[in-house]
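Everything below concerns the one structure shown next.
This is a predicted model, so every value here is computed, not measured. Only this structure's heavy atoms are used, side chains among them; waters, hydrogens and symmetry mates stay out.
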Amino acid sequence: LYTMPSSTNATSLVFKVYSQGKTILFCGDIEFDQLRYLDKFYKILKSDILIFPHHGSKNGLYPPFMNKVSPRLTIFSCGWNNSFNHPANSVIQYMDLNNLNFHRTDFHGGLTIEE
C-alpha cells in the first residue's frame, strides 16, 4: 500500500511520452521511495530516454529502476553551479561504472533529440 508522502518532491508527476516510435520517461523530483513504488510497473518503465529523477540527486538513484528503464540515453536536467551539486558524484560514478550514456544540461546545455 502506498501512502501520501510528506515531501512535495515526492508528489511530482511521472509520465512517459511516445513519439515517432521512441519513448521518453520524465520523473520529476521523485526520490527513492517513489522509485521503489514504481518498480512494480516494470512492464511499462522501459524507455529510450530517461530524464533522471530529482536532477541527479543521490536520492533519485535506485538501480533496479534503472535496470528496468534501461535507457539508451539519460539526461540530467540541472543548472550550472547549482547549490545542490546535482547531479551527485555517486550518481555519475554509477553511470560511468555501468557504461550508461548520459547528458548533463549544466555542462552540455540544452539539446535537441533527433533520430
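A distance of 4.5 Å separates CG in L111 from CD1 in I75, rounded to the nearest 0.5 Å. Separating the CG atom in L35 from the NE2 atom in H54 is a distance of 11.0 Å, to the nearest 0.5 Å. Note: N67 CG to L45 CG = 11.5 Å, rounded to the nearest 0.5 Å. The distance from atom OG of S47 to atom CG of L73, rounded to the nearest 0.5 Å, is 11.5 Å.
Scanning all heavy atoms of the two residues, the minimum distance from S12 to C27 falls at CB-O, 4.4 Å. Between K46 and K16, the shortest heavy-atom contact is O-NZ, 2.6 Å. Closest non-hydrogen pair, G56 versus V91, comes out as O-CG2, 3.4 Å.
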_side-chain contact (heavy atoms from CB on, under 4.5 Å) between L13 and F26, worked out_ = CA-CA 8 Å; L13 181 64; F26 293 82; over 6 Å; no
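Looking only at distances, a side-chain donor or acceptor of T105 sits under 3.5 Å from a matching main-chain atom of C78. Under a 3.5 Å cut-off, the side chain of T11 and the backbone N or O of N9 do not form any donor-acceptor pair.
With sequence neighbours excluded, the residues satisfying ring-ring contact (aromatic ring centres under 6.0 Å, His included) with F76 are F52, F102. In this view, N89 satisfies the side-chain contact (heavy atoms from CB on, under 4.5 Å) rule with no residue, not counting sequence neighbours. Residues passing the ring-ring contact (aromatic ring centres under 6.0 Å, His included) test with Y18: none are found, sequence neighbours excluded. Qualifying side-chain hydrogen bond (donor to acceptor under 3.5 Å, both in side chains) partners for D39, counting only residues two or more places apart in sequence or in other chains: K68. By the ring-ring contact (aromatic ring centres under 6.0 Å, His included) test, H55 pairs with no residue at all, sequence neighbours left out. Residues meeting the side-chain hydrogen bond (donor to acceptor under 3.5 Å, both in side chains) test with D48, sequence neighbours left out: T23. For the side-chain contact (heavy atoms from CB on, under 4.5 Å) test, residues two or more places apart in sequence or in another chain that qualify with S90 are K58, A88. For the salt bridge (Lys or Arg N to Asp or Glu O under 4.0 Å) test, residues two or more places apart in sequence or in another chain that qualify with D106 are R104.
Side-chain contact check for V14 versus F41: every heavy-atom pair is 4.5 Å or farther apart. When side chains are defined from C-beta on, L25 does not count as touching P71, because their heavy atoms never get closer than 4.5 Å. Contact check for M66 versus T74: side-chain heavy atoms found under the 4.5 Å cut-off. Annotation: side chain of L38 is in contact with side chain of I30 (closest heavy-atom distance under 4.5 Å).
Among pairs with a residue in residues 86-102, none fulfils salt bridge (Lys or Arg N to Asp or Glu O under 4.0 Å), at least two apart in sequence or across chains.
In this structure, Y37 is not a member of the same hydrophobic cluster as Y42, with clusters built from ILVMFWY side-chain heavy atoms closer than 4.5 Å. Hydrophobic cluster membership is shared by F15 and I51, with clusters built from Ile, Leu, Val, Met, Phe, Trp and Tyr side chains linked at under 4.5 angstrom.
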